[in-house]
There are 2 protein chains.
Amino acid sequence: MTSSRTTTSYALLGLLGLRDWTTYELARQVQRSLHWFWPRAERKLYDEPKRLVADGLATATSGSTGKRPRTVYGITDAGRSELARWLDEPSAGRANEFEALVKVFFADAGTLDQLRTTLDRIVAESTQRVTDLADNLDVGLASPAFPARMHLNVLVVRLQVEQELTVLSWARWARAQVETWPSIHEPDEWDAAGLLATLVGECRAAADG
Amino acid sequence: MTSSRTTTSYALLGLLGLRDWTTYELARQVQRSLHWFWPRAERKLYDEPKRLVADGLATATSGSTGKRPRTVYGITDAGRSELARWLDEPSAGRANEFEALVKVFFADAGTLDQLRTTLDRIVAESTQRVTDLADNLDVGLASPAFPARMHLNVLVVRLQVEQELTVLSWARWARAQVETWPSIHEPDEWDAAGLLATLVGECRAAADG
DNA sequence: GGTAGATACTGCCCTGTGCAGTATGAGTGA
DNA sequence: TCACTCATACTGCACAGGGCAGTATCTACC
């Protein structure tokens, strides 16, 4: 019986469509590419291929390196057509988790210093992510794993870059704003309603355009 | 014994810090505000307050509307100090789930038409989100639930708006690019490596700046 | 009196996370 | 040659979280 498949199933099936992988290789590849828009724990990546095999979408070839087991997974024809079929399905909406932003949102439960620290950390983490992304891309440029797929990579990577840059520049802006606040409760000299109205205007303009 | 707390615990504790709520009200409020950066299923929002009460961080007042039960939750002093303490903790990194982008990434398992449809859907969903966001903000401007918290709202909302606008403009760009492709495998006239190099440059500049 | 929509939950099964634990293999230097 | 480190290759367990179905009652309106 074919059990129900999740996006994770298809994400791995997609990778198997490119070449054969061991689970360990899959785990590392997922960290490098898919992780940016479909983050999954390594643990799951050891379970999922077994389900694909059970459903006839993938093959498992058991070998060994000395005494250590080594399972290589590949895609089947059924897997390829199931993957192609999945591309037609409507997708789930985006979901963004950003714990630090929850802390910003409830900052008035604490002190101004705490908010400043939170924003400093966001700036630092964001800078790190941007740097990591650039490093990844450099490696990809120097020795592309799948040169024939560069165009699709560019589509996806461009969004990643723009998202990361958006967060980074927002974080710097927010940190600068908060610097001038006299207290966590009163922003002083701040036309919050005006800023909000401007944001609404930008949304309307973008939605119409 | 105090069980371990999750970010969801603190998110709800934060709302309880603003005023008392019934679980139903909490669920609706979470959809309106927190959902954009800490999405959680309604189901979870019925379990979590009970844990907060068990840990002494919240109070539950059982009442009724006729025969229907009605539990109002509030925060305790212990809850307030625990919330303030939490603000000091380092946060988990961001996590973005974007199923449709997985489909874009593996688009060469299907046809060019499928990719175009996927991108069309992303544009549509993104436009909807931007519109919803603007509607929410309009309501918030007209009758703010917590006027004294407008400044924190603006900080958070600005990131939401910029993220949504980033996705929308990316989606439109991507759709336009793909329009010119002769096949899913060859982009024609496309300097993918050059585009990638430009993106890397932007990352480096932003990380340094 | 009927009915649609809002309110107020619970149970169940599954996915997914995080962490600890258990190995072996390959490379490096003392 | 031995020890050490890091990479490879998994498994078990407990708990967080998601999605869906199910079960009520209340309010407003016709």
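Just so we're on the same page: letters track the sequence lines, and every chain starts at 1.
- Taking only side-chain atoms of A/Y46, from C-beta outward, the nucleotide of D/dA7, C/dA8, D/dT11 with the closest atom is D/dT11.
- Residue order along DNA chain C, read from the 5' end via each residue's closest nucleotide, puts B/V72 first among B/V72 and A/A41.
- Near-neighbour residues of DNA chain D inside residues 78-93 of chain A, defined by a heavy atom below 4.0 Å, are absent.
- Dashed line: the shortest gap from a side-chain N or O of B/T65 to OP1 or OP2 of D/dT25 is not under 4.0 Å.
- Atom CG in A/L45 sits roughly 13 Å away from atom P in D/dT11 (whole-Å rounding).
- Note: CG (B/D47) to C1' (C/dG11) measures 10 Å, nearest angstrom.
- Side-chain contact check for B/L112 versus B/I184: some heavy-atom pair is nearer than 4.5 Å.
- Heavy atoms of A/K44 sit under 4.0 angstrom from at least one base atom.
- Separating the CZ atom of B/R28 from the P atom of C/dC9 is a distance of 15 Å, rounded to the nearest angstrom.
- One interatomic measurement links the two molecules: CD of B/E97 to P of C/dT15, which rounds to 15 Å at whole-angstrom precision.
- For A/K67, no side-chain nitrogen or oxygen approaches OP1 or OP2 of D/dT8 to under 4.0 Å.
- At the heavy-atom level, B/P49 lies nowhere under 4.0 Å from the strands shown.
- Listed candidates were D/dA7, C/dG16, C/dA8. Nearest to the side chain of B/Y24 is C/dA8.
- Between A/R85 and A/E82, at least one side-chain nitrogen of the basic residue sits less than 4.0 Å from a carboxylate oxygen of the acidic one, meeting the salt-bridge criterion.
- Counting only heavy atoms from C-beta on, B/E48 has its side chain closest to D/dG17 among C/dT15, D/dG17, D/dA16.
- Spacing between atom CD of A/E42 and atom P of D/dG12 amounts to 16 Å, rounded to whole angstrom units.
- Side-chain atoms of B/R121 and A/P90, non-hydrogen and from C-beta on, do get closer than 4.5 Å to each other.
- Taking 4.0 angstrom as the limit, B/T22 places a side-chain polar atom (N or O) nearer than this to OP1 or OP2 of C/dA8.
- Salt-bridge formation is detected for the pair B/K103/B/E99: a Lys NZ or Arg NE/NH1/NH2 atom is positioned less than 4.0 Å from an Asp or Glu carboxylate oxygen.
- When rounded to the nearest whole Å, the span between NZ of B/K50 and P of C/dA8 equals 14 Å.
- Evaluation of the side-chain hydrogen bond (donor to acceptor under 3.5 Å, both in side chains) rule for B/R40 yields A/E97, B/T8 as partners, not counting sequence neighbours.
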Output a table of donor-acceptor pairs, distance under 3.5 Å, between side-chain atoms of residues 198-206 of chain B and any protein atom two or more places apart or on a different chain; print 'none' if there are none.
{"unit_1": "B/T198", "atom_1": "OG1", "unit_2": "B/G194", "atom_2": "O", "d": "2.9"}
{"unit_1": "B/R204", "atom_1": "NH1", "unit_2": "A/D135", "atom_2": "OD1", "d": "3.0"}
{"unit_1": "B/R204", "atom_1": "NH2", "unit_2": "A/D135", "atom_2": "OD1", "d": "2.9"}
{"unit_1": "B/R204", "atom_1": "NH2", "unit_2": "A/D138", "atom_2": "OD2", "d": "2.6"}

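- Between D/dT8 and A/R68, no contact under 4.0 Å exists linking OP1 or OP2 to a side-chain N or O.
- You'll find the side chain of B/I122 reaches within 4.5 Å of the side chain of B/F98, heavy atoms only.
- Taking the side chain as every heavy atom from C-beta outward, A/Y24 and A/Q29 never approach each other to under 4.5 Å.
- With hydrogens and angles ignored, a donor-acceptor pair closer than 3.5 Å exists between the side chain of B/R43 and the base of C/dG11.
- Atom CD in A/E25 sits roughly 12 Å away from atom C1' in D/dA7 (whole-Å rounding).
- The distance between atom CH2 of A/W38 and atom C1' of C/dT15, rounded to the nearest whole Å, is 11 Å.
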